[in-house]
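A short worksheet on the structure shown next.
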Amino acid sequence: MHYWLMKSEPHVFSIDDLIHSPKKTAGWEGVRNYQARNMLRDDMKKGDLVFFYHSSCTPPGIVGTAEIVREGYPDESAFDPRSAYYDPKSSPDNPRWFQVDIKFLQKFEEPFTISELRTHPQLSEMIVLRKGNRLSITPVAKKEWDFILKLVG
DNA sequence: GCCAACGTTGGC
DNA sequence: GCCAACGTTGGC
């Protein structure tokens, strides 16, 4: 069992969008970064738990949790010329980009903001807090996961 | 809107 | 394979 943090800009796909998706489940499509792709394809397993993070908004922060319900499979948005995520170098025969499906678990009553995350020494190693971090998917340590959930109550 | 950080691209 | 230029991310 592993833990993850996944960033999304809420105007593109928010935790409320996830809640309103069929079966509260959605494909995490559109990742176009190799490091994140490798995690989607190789490391994220069914049953792994996810912090859903809103970025590029006010305030940025963790807004809830979700669960991996389908492991890595080709991201079909890369095959669609009409998609904003289209990548002609990816094909069904040789897919370059992958996605997982996540299912909504809970929404926090209040976002756990990045500024609050930074106030806790127990969370100072979180990758998402590192200066210059731009990865949209990052692993979370179990003790970080437990600590945050305990604070959320 | 700014800008630091970092990934990608492409000429050589 | 180097590296400058460029594009993107994302907090502030």
Side-chain angles (χ1 to χ4, degrees), chain A residues 2-21 26-44 48-68 71-102 104-141 143-152:
Chain A
H2 289 99
Y3 302 88
W4 306 94
L5 182 145
M6 301 172 85
K7 293 184 196 170
S8 184
E9 299 185 25
H11 67 91
V12 177
F13 190 80
S14 70
I15 193 158
D16 291 320
D17 293 326
L18 180 62
I19 290 171
H20 294 115
S21 297
W28 201 263
E29 64 177 29
V31 170
R32 296 293 178 267
N33 168 281
Y34 288 103
Q35 240 182 304
R37 186 280 308 271
N38 293 347
M39 290 187 267
L40 287 165
R41 187 189 57 191
D42 305 332
D43 301 330
M44 302 178 85
D48 285 0
L49 299 176
V50 174
F51 282 137
F52 198 116
Y53 182 97
H54 283 175
S55 65
S56 296
C57 60
T58 307
I62 300 169
V63 293
T65 61
E67 175 186 0
I68 306 287
E71 295 179 9
Y73 62 102
D75 179 346
E76 294 192 2
S77 67
F79 310 146
D80 179 1
R82 290 161 302 178
S83 168
Y85 303 127
Y86 177 57
D87 180 356
K89 292 171 183 161
S90 187
S91 68
D93 283 346
N94 189 17
R96 174 174 297 202
W97 305 113
F98 286 73
Q99 67 180 86
V100 298
D101 288 353
I102 67 168
F104 172 78
L105 285 180
Q106 68 166 318
K107 181 179 176 180
F108 297 163
E109 290 193 14
E110 301 290 337
F112 201 118
T113 66
I114 189 170
S115 61
E116 188 184 352
L117 291 170
R118 290 192 197 284
T119 64
H120 297 287
Q122 295 91 334
L123 302 177
S124 61
E125 300 299 312
M126 284 189 79
I127 297 169
V128 72
L129 302 182
R130 285 186 194 160
K131 189 174 181 182
N133 167 71
R134 289 166 43 187
L135 262 185
S136 63
I137 299 174
T138 52
V140 171
K143 58 183 175 183
E144 294 162 349
W145 178 276
D146 292 342
F147 183 80
I148 290 169
L149 278 195
K150 200 167 72 180
L151 287 186
V152 168

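Lettering of chains follows the sequences in order, A, B, ..., and the numbering in each one begins at 1.
Put simply, NZ on A/Lys131 is 4 Å from P on B/dA5, counting in whole angstrom units.
Backbone-only engagement by A/Arg118 is indicated by non-hydrogen atom pairs under 4.0 Å involving sugar-phosphate atoms exclusively.
Note that CZ of A/Arg118 and CE of A/Met126 are 10.5 Å apart. Values are rounded to the nearest 0.5 Å.
Side chains of A/Ser14 and A/Asp17: a donor-acceptor N/O pair is present below 3.5 angstrom, by distance only. Defined by atom type and a distance below 3.5 Å, a donor-acceptor pair is present between the side-chain atoms of A/Ser77 and A/Arg32.
Note on ring orientation: taking the six-membered ring where Trp is involved, the planes of A/Phe52 and A/His54 are perpendicular (angle over 60°, cut-offs 30° and 60°). Using cut-offs of 30° and 60° for the angle between ring planes, the A/Phe51 and A/Trp145 rings count as parallel.
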Grab the N/O contacts between the protein and nucleotides 7-11 of chain B below 3.5 Å, and write none if there aren't any.
none

